[in-house]
Amino acid sequence: MTVQAQNIDAITAGAMPHEEAELTDGFHLVIDALKLNGIETIYNVPGIPITDLGRLAQAEGLRVISFRHEQNAGNAAAIAGFLTKKPGVCLTVSAPGFLNGLTALANATTNCFPMILISGSSEREIVDLQQGDYEEMDQLAIAKPLCKAAFRVLHAEDIGIGVARAIRAAVSGRPGGVYLDLPAKLFSQVIDGALGARSLVKVIDPAPAQLPAPSAVARALDLLKTAERPLIVLGKGAAYAQADDAVRALVEESGIPYVPMSMAKGLLPDTHPLSAGAARSTALKDSDVVLLVGARLNWLLSHGKGKTWGEPGSKRFIQIDIEPREMDSNVEIAAPLVGDIGSCVEALLAGIRKDWKGAPQAWLETIRSKREANIAKMAPKLMKNSSPMCFHSALGALRTVIKERPDAILVNEGANTLDLARGIIDMYQPRKRLDVGTWGVMGIGMGFAVAAAVETGKPVLAVEGDSAFGFSGMEVETICRYDLPVCIVIFNNNGIYRGTDTDPTGRDPGTTVFVKDSRYDKMMEAFGGVGVNVTTPDELKRAVDAAMDSGKPTLINAVIDPQAGSESGNIGSLNPQSTLKKKSA
Ligand code: ADP
Ligand code: MG
């Protein structure tokens, strides 16, 4: 036995604790590297081979939040990244745990959220020869096409550089998901403590400012000045950038109306006089110059063409984005402005302050009257105190909650529950609305809710379709265990879209329905939280207020008319229907 090996045995037996100052191992180096770089929280699911990593991280002062399923831990890490501009870290076991976390990693990448998925893995020698190790899988190869970057560390002295590369890859340029593969053997590798300390890397300026070229700024300003019907579209990139004051100044000083994408709501309050949110269709269709700020012309903006955007050729786009290849991805971008949003918006603002005649009054008047007409049309629907509730009346109550508590964070997923809440619930502050994002994915609910509470300390209101909730529902135990100020409202209409489908053969329940009249509130009670069943908007409002005042984990089962929903909410057109349906026998 070598001297070093004797020391290892002594340390693992706990006999010579002071020796830890002179030696270190993979476990401690991972923790030290994360701490050195300002990582404060790990979203974790314990198991082989990373159980002790989570345990030691907690002992070393990191906050370690353990979940019941890796996808939820991964979603928590992803949204932590969005909220803080630091990579959210998710820690999982090998193969199956890694795969469960991978969905969240891919979703984070798609949404441009910085995240690092750290997974333990099995022995390289056995995996590479495919000899059938415990949870054998070539995780690095599988992760690569699904994230922004993927790295593996084989030697303890490379942990520092591995973590540094992961952090820089996650947050620089267009943010995204990074996979870091740490084989089991790495954790117990022991090296000299001083060597270990020297091997750590503090990432300096992880997301450097990227200034737009002056000529590109001038081109954008020239185009903007020709506009008769200018429009600003704020996307979640603008929310992520935390350039809130600059974005607000750009809108207010230019006087250009703006449409916020879903997660950009609240960058300026939805009640702002320049908000065209409630006149979205008109604003998109009739505008002539559109300034995109951290918003992609993907399916959520009808790819920048078609009926949504009016006559072909009627539109010219200015696009601010940190990713050069985003330009012309769907249509021609007349004035690309590549750089970080803070720098680009400041540059435009400087130009506007020098020379700007204001936005044309006729256009502002068109937007204003359309907005007011739409708001007036919606108002009575939101005020009904019916039982069972419809989506509108229930959301009317929640709209008042957020108006009265603008610093609460709203998490939102579902079909109708999502589409209608997005339009009905006004947001007043930046980064307070977290939802299904670019993929429109279900299952983000509880992961997002946990991380929102942990990262911000603010009350969280999670408005969930009954189906959407099911993907992450077991995390109500996590919410109770960490005693988080999360209030979940389940819009229970007995099923997906509606609760009324049947099996034409009469054998089974319809494919889109759940157990009728379920009591999701009882799930919360099972773990010591508060469960409430409500059937009217007034009861709903009272129950949410009580939850928010107490800060206790609460689940409110909101009984919604099973007839109320529509197929796929607002995006029924994406859900093909057979025209050749056979009549059942
Ligand atoms: P939304 O769905 O709200 O329209 P998207 O996710 O489609 O938003 O677009 C966000 C865009 O913001 C992405 O193209 C991304 O590259 C960009 N982005 C993210 N962070 C920054 C930043 N700091 N500066 C500039 N662009 C950014
Ligand atoms: Mg439902």
Side-chain angles (χ1 to χ4, degrees), residues 78-79 81-87 106-115 148 168-177 205-213 216-217 220 231-244 246-247 250 258-268 277 280 283-284 290-304 308-309 317-331 333 336-348 412 418-419 422 427 430-441 444 570-571:
I79 209 67
F82 171 74
L83 288 168
T84 65
K85 292 185 93 175
K86 283 195 289 194
N107 189 50
T109 308
T110 300
N111 280 282
C112 317
F113 300 155
M115 164 183 175
K148 191 176 166 190
R168 197 176 281 283
V171 295
S172 61
R174 170 181 277 176
D205 196 9
Q210 285 180 231
L211 273 60
V217 176
L231 176 70
I232 295 175
V233 176
L234 300 175
K236 64 169 134 29
Y240 172 80
Q242 297 193 18
D244 305 341
V247 168
L250 178 69
Y258 71 96
V259 167
M261 298 300 286
S262 179
M263 282 176 62
K265 275 165 69 82
L267 260 178
L268 290 87
R280 189 176 193 270
L284 298 188
V290 180
L291 167 58
L292 301 161
V293 185
R296 286 171 285 186
L297 286 175
N298 57 19
W299 70 282
L300 288 158
L301 282 169
S302 307
H303 306 283
T308 309
W309 292 95
F317 289 99
I318 304 165
Q319 182 161 28
I320 298 180
D321 206 292
I322 204 155
E323 171 58 63
R325 286 177 304 172
E326 186 57 38
M327 306 300 154
D328 313 315
S329 59
N330 285 270
V331 295
I333 301 300
L337 210 47
V338 175
D340 71 275
I341 283 165
S343 303
C344 292
V345 169
E346 294 282 4
L348 287 182
N412 188 201
L418 174 88
D419 287 337
R422 186 173 49 228
M427 304 306 297
R431 295 170 295 282
K432 299 294 186 190
R433 185 186 156 83
L434 310 175
D435 68 24
V436 301
T438 307
W439 267 347
V441 70
I444 49 87
N570 278 357
I571 52 173

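Counting starts at 1 for both ligands and their atoms, following the listed order. Small disclaimer: the values here were computed from a predicted structure and weren't measured.
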Inset, instruction - Check Met261, Lys236, Met263 against Thr438 for a side chain to side chain contact (heavy atoms under 4.5 Å, CB included) and give me the one that passes. - result: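 Only one option passes, and that is Lys236.
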Legend entry - Result of checking Ile341, Leu268, Leu292 against Leu234 for side chain to side chain contact (heavy atoms under 4.5 Å, CB included):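 Testing each of Ile341, Leu268, Leu292 against Leu234, the sole residue satisfying side chain to side chain contact (heavy atoms under 4.5 Å, CB included) is Leu268.
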Is any side-chain heavy atom of [X] less than 4.5 Å from a side-chain heavy atom of [Y]?
| X | Y | answer |
| --- | --- | --- |
| Ile333 | Leu297 | yes |
| Val259 | Ile232 | no |
| Lys265 | Pro260 | yes |
| Cys112 | Tyr240 | no |
| Asn111 | Thr109 | no |

Where is the nearest protein heavy atom to [atom]: which residue, which atom, and how far?
| atom | value |
| --- | --- |
| atom 1 (P) of ligand 1 | Lys236 N, 3.7 Å |
| atom 23 (N) of ligand 1 | Ala241 CB, 3.8 Å |
| atom 13 (C) of ligand 1 | Asp321 OD2, 3.3 Å |
| atom 5 (P) of ligand 1 | Arg296 NE, 3.3 Å |
| atom 18 (N) of ligand 1 | Gly237 CA, 4.0 Å |

Legend entry - Which of the ligand 1 atoms, numbered from 1, are nearer than 4.0 Å to a heavy atom of Gly235: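 Once the distances to Gly235 are compared, the set is 3 (O), 4 (O).
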Legend entry - Sub-4.0 Å atoms of ligand 1 with respect to non-hydrogen atoms of Gly294: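 Per the distance check, 8 (O), 9 (O), 10 (C), 11 (C), 12 (O).
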Inset, instruction - Please confirm whether Cys112 comes under 4.0 Å of ligand 1, counting heavy atoms of the residue only. - result: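 Checking ligand 1 against Cys112, which is what was asked, there is a heavy-atom contact under 4.0 Å.
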Legend entry - Heavy-atom gap Gly339 to ligand 1 smaller than 4.0 Å: yes
Using heavy atoms and a threshold below 4.0 Å, how should the contact between [X] and ligand 1 be classified: side chain, backbone, both, or neither?
| X | result |
| --- | --- |
| Met261 | side chain |
| Ala295 | both |
| Asn298 | side chain |

Inset, instruction - First locate atom CZ of Arg431, then atom CD1 of Ile79, and finally report the distance between them rounded to the nearest 0.5 Å. - result: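 It comes to 11.5 Å.
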Legend entry - Nearest-0.5 Å distance that lies between atom CG in Leu337 and atom CG in Leu291: 8.0 Å
Inset, instruction - Would you tell me whether Arg296 and Ser329 have side-chain atoms, one donor and one acceptor, within less than 3.5 Å of each other? - result: no
Contact check: [X] vs ligand 1, nitrogen or oxygen atoms, below 3.5 angstrom:
| X | answer |
| --- | --- |
| Tyr240 | no |
| Asp340 | no |
| Ile341 | yes |
| Ile322 | yes |
| Glu323 | no |
| Arg174 | yes |

Inset, instruction - Carefully, step by step, assess Ile320 and Leu348 under the rule side-chain contact (heavy atoms from CB on, under 4.5 Å). - result: CA-CA 10 Å; Ile320 298 180; Leu348 287 182; 4.0 Å; yes
